[in-house]
Amino acid sequence: MRTSLRAGLALLVLVAAALPARRARACGTCSVGDPTLTAFGAGLPARHRVRAVAALRTRRETVTEGAARLELRERRLELGLAWAPSDRWVLSALVPVVHQRVTWPNLAEERRWGLGDAALQARGVLWRDRGFAPAHVLSGLVGLELPTASDLARAEQLASDDAQPGSRSWDPTAGLAYAFFGGAFSLQSAATLLVPLSEGFGGRRPGPTLRLLALGQWQPHEVIGFRLGATARVDGRDRVDGARDAQSGGALVKGTAGLLLAPHPRLLLEARASLPVWQERRGGHEDGFAMFLGGILELH
Amino acid sequence: MALLALHCVGYDPGLELELALRAEPVPQAMETPEGGWLRLAAAEVRFDGAELVACADEGEAPLAALLAELGPERARAHGLEASGEAMVLAVDALHGTGAPVAAGTLRPLPGRYCALRVHLAEGLHLAGEREAPGDRAAPFDVASPEPLDVELPFDAPLALDRPEALLRTIVLDPRCWAAALPAEARPEDAAEVVAACLRVDSPPAP
């Protein structure tokens, strides 16, 4: 009996040894020493980590003037790539393709698609509390939004420079991001200032914009996380042919809730919805419901 | 660079009201109601805009009407300024042919409209001579110093609730000026006379 047990174990060992070794797969969260699922642009830098993203954003905006109302519905497909050349830096590029449906006050409807403003960004870790699996990470952000947006003006355009897929101006950005990784709970926050340097569509130079983000995350399991937080934006007034546009600028706070799901160690899916909780925008502009659906693939 | 040029635009026009202007031919002499004659030497009319006038709420409950009066003011007229187009036309009515000319496009909001409000620009000029029965012809030359808005009612209300293209023609008919022009015409009478003789026509039913 004992002899047969030994023989069986020996056979099992031999069979196991004969099987081809399973190839180790890249695991983004493993490489940075923290199991927190992180959205695109928020991941910890790990040398040679490469992430690709494809995301669909939808948003709704209305512009009201007296009884007249223009409605913009926008769907934005963003394709991006982030590469960490070292454990300190992450470089990313994002190219949006934009589909818009504009309904004018007289029920006229424009449907159009084109390229939005592409964005480049570098994120450098300024401080972390420890080298591996840090709990606190402070990063600096610098970037540039490029004037790549298509000019979607119709030949008999009824209005407007602000219903375009981008500003088509040179917009450098700078900011700070802080992330906390505390096991099941994590926090992502960022403040970014965008200061357009050139005129875009129709001689319009967008005003400076401050973007704020604070998202808490609860991850009860290694493959799923829930996010809740707020984003805010403060826009300065645009300038048109050198004069300030009184119908532009304002401030907006949105509440946002979402879900991160990792069906595979190399794939992360994100769904997020946001709704304005307070807004004070000039020119009758009003933001509506927005959605984000994205997939992030860990390439390396 | 090729990507930058990659885009596509489609457009459905929505509610559009094409406006045309028709100036009727002017007879050499027009008979006045008193049996005299009016002869025109100059008739220059300038339009600088038009807008649709929403119907007053019909059948509104008294309480709702009261609340509407007390509530915030509502915009009732939606004109060319909302559509980004302007109707600026100078017409030499003395040489009207009776053929309509395009006068612009209104892109109104959905609603029910009962009239077209036409803006007559200042400087409207009428000149000629007027001959009372048994009297010598007396010249007149009046130019309106102020602009004037004229409301031209439709035969039937326009109910606009879905995208469609419509046509209305503003008719400038100098043949009725002979009746409208007072014997002692003042400058402001020029616009009043033209206004009294304007109307808006619908295209004949198919």
Side-chain angles (χ1 to χ4, degrees), chain A residues 62-79 93-118 146-161 163-166 168-169 200-202 284, chain B residues 1-19 50-57 68 71-87 102 104-114 116-117 158-168:
Chain A
T62 56
V63 184
T64 307
E65 190 180 326
R69 197 173 80 142
L70 177 147
E71 183 183 52
L72 169 71
R73 287 175 188 271
E74 185 176 279
R75 279 176 284 185
R76 181 177 287 254
L77 175 67
E78 294 177 343
L79 302 172
L94 209 62
V95 178
V97 178
V98 182
H99 176 268
Q100 292 181 324
R101 199 177 76 188
V102 184
T103 305
W104 300 91
N106 72 325
L107 307 181
E109 191 174 278
E110 275 187 75
R111 296 166 306 281
R112 53 216 200 165
W113 67 268
L115 203 61
D117 287 333
L146 307 170
T148 55
S150 310
D151 185 350
L152 299 185
R154 199 167 57 82
E156 303 167 66
Q157 182 72 28
L158 298 170
S160 81
D161 305 320
Q164 292 286 352
R168 215 181 197 180
S169 54
F201 285 114
Chain B
M1 289 305 286
L3 270 177
L4 292 180
L6 200 63
H7 66 272
C8 180
V9 180
Y11 180 71
D12 294 327
L15 284 168
E16 293 196 337
L17 181 68
E18 299 287 339
L19 289 179
E51 60 189 327
L52 284 171
V53 181
C55 300
D57 293 327
E73 193 176 352
R74 282 185 294 175
R76 288 224 174 262
H78 310 293
L80 293 166
E81 70 283 358
S83 70
E85 287 188 30
M87 169 191 170
T105 304
L106 290 166
R107 296 192 168 90
L109 307 186
R112 201 158 165 272
Y113 298 95
C114 284
L116 182 71
R117 185 178 295 137
L158 273 181
L160 307 177
D161 55 6
R162 58 189 168 81
E164 62 181 319
L166 300 165
L167 171 71
R168 290 293 181 271

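Model, not experiment: these values are computed from the prediction. Below, each value reflects all heavy atoms present in this structure, side chains not excepted, and no hydrogens, waters or symmetry copies. Naming: A, B, ... by sequence-line order, numbering from 1 per chain.
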Looking at side-chain heavy atoms only, is the closest gap between B:Leu109 and A:Arg69 below 4.5 Å? no
Closest non-hydrogen contact found for B:Pro110 with A:Pro105 is CD-O, 3.4 Å
Please report the shortest heavy-atom distance between B:Tyr11 and A:Glu110, naming the atom on each side. CD1-CG, 3.3 Å
Do B:Glu16 and A:Asn106 touch side chain to side chain, with heavy atoms closer than 4.5 Å? yes
In this structure, are over 12 heavy atoms from other groups packed under 6.0 Å from A:Glu65 atom CD? no
Return the minimal non-hydrogen interatomic distance between A:Leu107 and B:Arg162, and the atom names on each side. CD1-CA, 4.0 Å
Interchain contact, B:Pro13 with chain A, by part (heavy-atom threshold 4.5 Å): backbone
